[in-house]
Amino acid sequence: MATRLDVSQTQRERLAFLELRAFFTGELRRGDIEARFGVKPAAASRDLSSYRDIAPDNLDYDAPARCYRPSATFKPVFEFSTERVLAWLLQGFGDGLDLKLRQVAPCEGPGQLVKPDLEVLGVITRALVAKKAVRVSYLSLSSGSKRRELVPVALADNGLRWHVRAFDRERDRFGDFVLTRITKAQEIDGEVREAEQIGADEQWARIVDLEIVAHPGITWPKAVEADYGMADGVLRIKSRAALAGYVLRRWNIDSSPDHRFDPSSHHLWLRNTQTLYGVESAALAPGASDTTGKGAA
């Protein structure tokens with residue numbers, strides 16, 4: 001933490017949640033604390049009062065909306081790890097606070113090589129919740145640094161990097177933008193059109209059924225079936241069309257109709273390749289160009 005707090009551990013957790021909620025969604029109500037921790041209104045009010053005593057300049061009260069919002073001079077009291085903040089945003093638990101608890105058993109993961117800037121992430125998530133547009137500086141592989149106006153509608157984790165799904169006002173279409181390539185972000189005042197909101201994103205709304213099987217070139221398919229817990233030799237996955245290509249690429253799934261990829265490096269095959277018709281993200285899937293007519297990753 002940036003400052004030492006003379007409060008109980010349970011109140012620390014509530015104050016950390018309070019700060020996390022305000023900073024990354026742009027709004028905080030007493031009821032949010034009550035719902036998250038099952039406390040009475042009086043206890044939630046005391047937490048708000050304690051936090052404002054600790055950081056008097058961090059929150060502004062929005063009377064018309066009857067909520068607190070992060071001020072222009074907001075400075076976090078707690079240090080949140082990027083991984084835990086993203087886990088909270090994705091899964092709705094953990095609340096971003098690293099309590100430094102000792103592991104009950106050794107457990108390690110590969111970790112993340114790329115970590116989004118939390119200041120940028122905060123601007124994006126606040127705009128997402130408030131249905132606002134943002135002006136960003138975006139680093140593209142094809143055109144370098146460029147200013148864009150985006151309307152964020154969702155966050156997505158492709159297993160390697162975090163993206164923001166957003167409406168691109170210049171291109172007049174929805175697309176995916178890598179969070180770490182956004183170097184600056186600023187919320188824009190003004191109304192967002194209905195055509196720019198998530199309800200108009202057909203690729204996000206469309207659900208694709210993926211039937212994954214062991215690659216036909218595998219000598220002992222039962223081993224692969226055991227790896228992925230397949231039932232009757234098939235792993236059935238439902239994915240948003242906007243994310244299906246990321247799923248297929250992450251797991252290196254041969255998505256060609258004739259399963260032409262080397263089974264030594266592609267243990268899985270997409271059996272129902274026709275499901276990718278009209279799926280824009282399919283361009284990322286190995287061999288999907290044979291089905292979609294678009295370039296594959």
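Using a 4.5 Å heavy-atom threshold, the side chains of Asp62 and Tyr68 count as separate. In this structure, the side chains of Ser45 and Arg30 come closer than 4.5 Å at one or more pairs of heavy atoms.
At distances below 3.5 Å, not a single donor-acceptor pair connects side-chain atoms of Arg148 with backbone N or O atoms of Val136. A donor-acceptor pair under 3.5 Å links the side-chain atoms of Asp32 to the main chain of Arg29, judged by distance alone. At least one donor-acceptor pair closer than 3.5 Å links the side chain of Ser255 to the backbone N or O of Ile253. Side-chain N or O atoms of Thr125 include one that pairs as donor or acceptor with a backbone N or O of Phe24 at under 3.5 Å. A donor-acceptor pair under 3.5 Å links the side-chain atoms of Glu19 to the main chain of Phe78, judged by distance alone. Within the 3.5 Å criterion, the main-chain N or O of Thr275 finds no donor-acceptor partner in the side chain of Asn272. Judged by distance alone, with hydrogens and angles left aside, the side-chain atoms of Trp162 form no donor-acceptor pair with the main-chain N or O of Lys115 at under 3.5 Å. Proximity of a side-chain donor or acceptor of Asn58 to a complementary backbone N or O of Lys75 within less than 3.5 Å is detected. At distances below 3.5 Å, at least one donor-acceptor pair connects side-chain atoms of Asp117 with backbone N or O atoms of Glu119.
Within the model, atoms OH of Tyr246 and CZ of Arg161 stand 7.5 Å from one another, a figure rounded to the nearest 0.5 Å.
A salt bridge links Arg173 to Glu280: one of the charged nitrogens lies within less than 4.0 Å of a carboxylate oxygen. The residues Glu149 and Arg135 are annotated as salt-bridged, a charged nitrogen and a carboxylate oxygen being separated by less than 4.0 angstrom. For the pair Arg236 and Asp209, the salt-bridge criterion is not met [side-chain N within less than 4.0 Å of a carboxylate O].
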**Residue pair Asp176, Arg165: steps toward the salt bridge (charged side-chain N to carboxylate O under 4.0 Å, His left out) verdict** = CA-CA 5 Å; Asp176 300 330; Arg165 182 76 176 170; 3.0 Å; yes
**Prompt:** Would Glu196 and Lys131 satisfy salt bridge (charged side-chain N to carboxylate O under 4.0 Å, His left out), going step by step from the backbone distance to the final call?
**Reply:** CA-CA 9 Å; Glu196 299 175 323; Lys131 294 184 172 61; over 6 Å; no
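Looking at every heavy atom in both residues, Val279 comes nearest to Ala241 through CG1-O, 3.3 Å. Across all their heavy atoms, Ala133 and Val192 have their closest contact at N-CG2, 3.8 Å. Counting all heavy atoms, side chain and backbone alike, Pro70 lies closest to Phe74 at CB-CD1, 3.8 Å. Contact between Gly278 and Gln203 at its shortest, heavy atoms only, is O-NE2, 3.0 Å. Across all non-hydrogen atoms, the minimal contact from Leu243 to Ala156 is CD2-CB, 3.6 Å.
Cation-pi geometry between Arg126 and Phe23 is met: the NZ or CZ atom falls under 6.0 Å from the ring centre, inside 45° of the normal.
Between Tyr138 and Phe177, the ring-plane angle classifies as perpendicular under the 30° and 60° cut-offs.
Side-chain contact, Gln11 with Arg14: no donor N or O sits under 3.5 Å from an acceptor N or O.
Atom CD of Glu211 is surrounded by more than 12 heavy atoms from other residues, nucleotides or ligands within 6.0 Å.
When each of His259, His267, Arg260, His215 is checked for a side-chain hydrogen bond (donor to acceptor under 3.5 Å, both in side chains) with Asp254, only His215 meets the rule.
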